[in-house]
Protein chains: 2
Amino acid sequence: MMIDVKTLCLGVLSRGDASGYEIRKEFEEGPLSHFSDAGFGSIYPALRRLTEDGHIVMLPHSGDGRPDKKLYRITPAGRHALYQALTRAPAPDKLRSDLMFILTFGHLLPPRHLDRIISDRISDYRRLIATMEAQENQVARTPGESFVEGMGLAIYRAVASYLEDHRHELVAAALMENQVAE
Amino acid sequence: MMIDVKTLCLGVLSRGDASGYEIRKEFEEGPLSHFSDAGFGSIYPALRRLTEDGHIVMLPHSGDGRPDKKLYRITPAGRHALYQALTRAPAPDKLRSDLMFILTFGHLLPPRHLDRIISDRISDYRRLIATMEAQENQVARTPGESFVEGMGLAIYRAVASYLEDHRHELVAAALMENQVAE
DNA sequence: GTCGTTATATATCGAAACGCTATATATCTT
DNA sequence: AAGATATATAGCGTTTCGATATATAACGAC
């Protein structure tokens, strides 16, 4: 059974107080962004449930900045719940990939479309890899964060390289299928 | 916006008639298993919606075997809907990984637990890679299927190799953290 | 200073999916 | 024959998704 959004939020809050919006930002840009995702529609209900569970508390308003901003802090009970989750056996990873689904039928598609989506995805990954490499020694990271950042990089490199090395095979199959159809 | 379970089912049915259970089996064992997943709780409602949409039809009972078995067939309208989805730009891939979440905090965990979950995951991947490699020339595949199978293999190899090459770094950090705590 | 744009911030909603359970039939093994 | 496993459909409460709504603060251009 996979780690749920409540636990993901506890993970973010274990590193410091945060608002719902800031937690969402962590999922988009922080160390968690490579392997987690959660939208507002799940974060806010999760924060409410965590508050009811006593795993987090909402801090009193600081009086400066945004009057509507709610800051949350993890409690000792929340740290314990997080630790329980971290010392359990991990569920298998789950990947959802439109690209791979589309490429399964790639030989049946217009070669131009096929070539475009592969090119675009290679560009996306190469850009992301360059950004991560540029940040590699600029950002303070824990050993764990460095480890998974490296792991994410290894995955992105493998995918980009595979697409670069093998794209011509699939595009050729699409061209041949195209000729057979004519 | 990601490809939904309806479209995934159309993809399976585009290769031949199938029951709900058989579609689920494709997500578990077939070419789709590396990058898609859908449980019965989403497949059956999706099949019902696809039937209402006119994208699939339920075949008359064959009279032999299971009396409760419902076989579905894709319609021309269903093929068109699938084609529309396949010629759209793919959404970014989404990975959910308990392992990477746990490893983010790995240096804070008991080194024995850490070592165990990494070892287990390496074994899982090495076993999966061996199975895929053994099947590589035994199973009839379309060019698209071969392409994404190779892509899946490249990812699994990258992850297994990274874990093998770098595990000692994280375990050492956990041991040091352990000593500091004592 | 004003106005428009962008960022920050919380919350909600309908639809879809998740994870599990229930029930039933067929097939296989002992 | 009995028990275990595989095949088969379906449902259910909970969670998540993806989008939208509303509001305030900050920023940039003029």
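Below, read A as the first sequence line, B as the second, and so on, with proteins coming before strands; counting in each chain starts at 1. All figures in this text were calculated on a predicted structure; none of them were measured in a lab.
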*Is any side-chain nitrogen or oxygen of B:Arg24 closer than 4.0 Å to OP1 or OP2 of C:dG19?*
no

*Interatomic distance, B:Met1 CE vs D:dT20 P [rounded to whole Å]*: 12 Å

*Report yes if a side-chain nitrogen or oxygen of B:Lys94 is closer than 4.0 Å to either non-bridging phosphate oxygen (OP1 or OP2) of D:dG18; otherwise report no.*
yes

_Minimum-distance nucleotide to B:Lys25 side chain [options: D:dG18, D:dT7, C:dG19]_ = D:dT7

*C:dC18 P sits how many Å from B:Asp4 CG, rounded?*
11 Å

_B:Leu8 CG to C:dA16 C1', straight-line distance once rounded to whole Å_ = 13 Å

*Is it true that B:Glu133 and B:Arg157 have a side-chain N and a carboxylate O under 4.0 angstrom from each other?*
yes

*Under 4.0 angstrom, heavy atoms only, what part of the nucleic acid is B:Lys6 near: base, sugar-phosphate, or nothing?*
nothing

_Length of the line joining A:Ile43:CD1 and D:dT20:P, which is rounded to integer Å_ = 18 Å

*If you check every side-chain atom of A:Asp68, which of C:dA9, D:dT9, C:dC18 has the closest atom?*
C:dA9

*Taking NZ, NE, NH1 and NH2 as the nitrogens, is one of them in A:Glu22 or A:Lys69 under 4.0 Å from a carboxylate oxygen of the other?*
yes

_Short side-chain N/O contact from A:Arg48 to OP1 or OP2 of D:dT15, under 4.0 Å_ = no

*B:Glu22 CD to D:dA6 C1', straight-line distance once rounded to whole Å*: 13 Å

*How long is the gap from CG on A:Asp4 to CZ on B:Arg96, to the nearest 0.5 Å?*
9.0 Å

_Between A:Lys70 and A:Met2, which residue's closest nucleotide on DNA chain C lies nearer the 5′ terminus?_
A:Lys70

*When all nucleic acid strands are considered with a 4.0 Å heavy-atom cut-off, which category describes A:Gly20: base, sugar-phosphate, or nothing?*
sugar-phosphate

*Considering only D:dG18, D:dT7, D:dA10, which nucleotide approaches the side chain of B:Tyr21 most closely?*
D:dT7

*Does the gap between the ring centers of B:His107 and A:Phe147 come in under 6.0 Å?*
no

*Can A:Asp37 and A:Arg24 be counted as an ion pair, charged N to O under 4.0 angstrom?*
yes

*Using whole Å, report how far OH of A:Tyr44 lies from P of D:dG18.*
17 Å

*asked:* If the cut-off is 4.0 Å, is B:Arg96 near the phosphate of D:dC17, judged by side-chain N/O to OP1 or OP2?
replied: yes

*Any donor and acceptor pair, going by atom type alone, linking the side chain of B:Ser161 with main-chain N or O of B:Ala158 inside 3.5 Å?*
no

*In terms of side-chain heavy atoms of A:Phe40, which of D:dT16, C:dT10, D:dA25 is nearest?*
C:dT10

*asked:* Please report the distance, rounded to the nearest Å, between CG in B:Leu50 and P in C:dA16.
replied: 11 Å

*Measure from the side chain of B:Arg66, starting at C-beta and using heavy atoms only, and say which of D:dT16, D:dT9, D:dT7 lies closest.*
D:dT7

*OP1 or OP2 of C:dA16 under 4.0 Å from side-chain N/O of B:Ser42*: no

_Distance, rounded to the nearest Å, where A:Leu47 contributes CG and D:dT15 contributes C1'_ = 14 Å

_Quick check for you: among C:dA9, D:dA25, D:dT9, whose closest atom lies nearest to any side-chain atom of A:Pro67?_
D:dA25

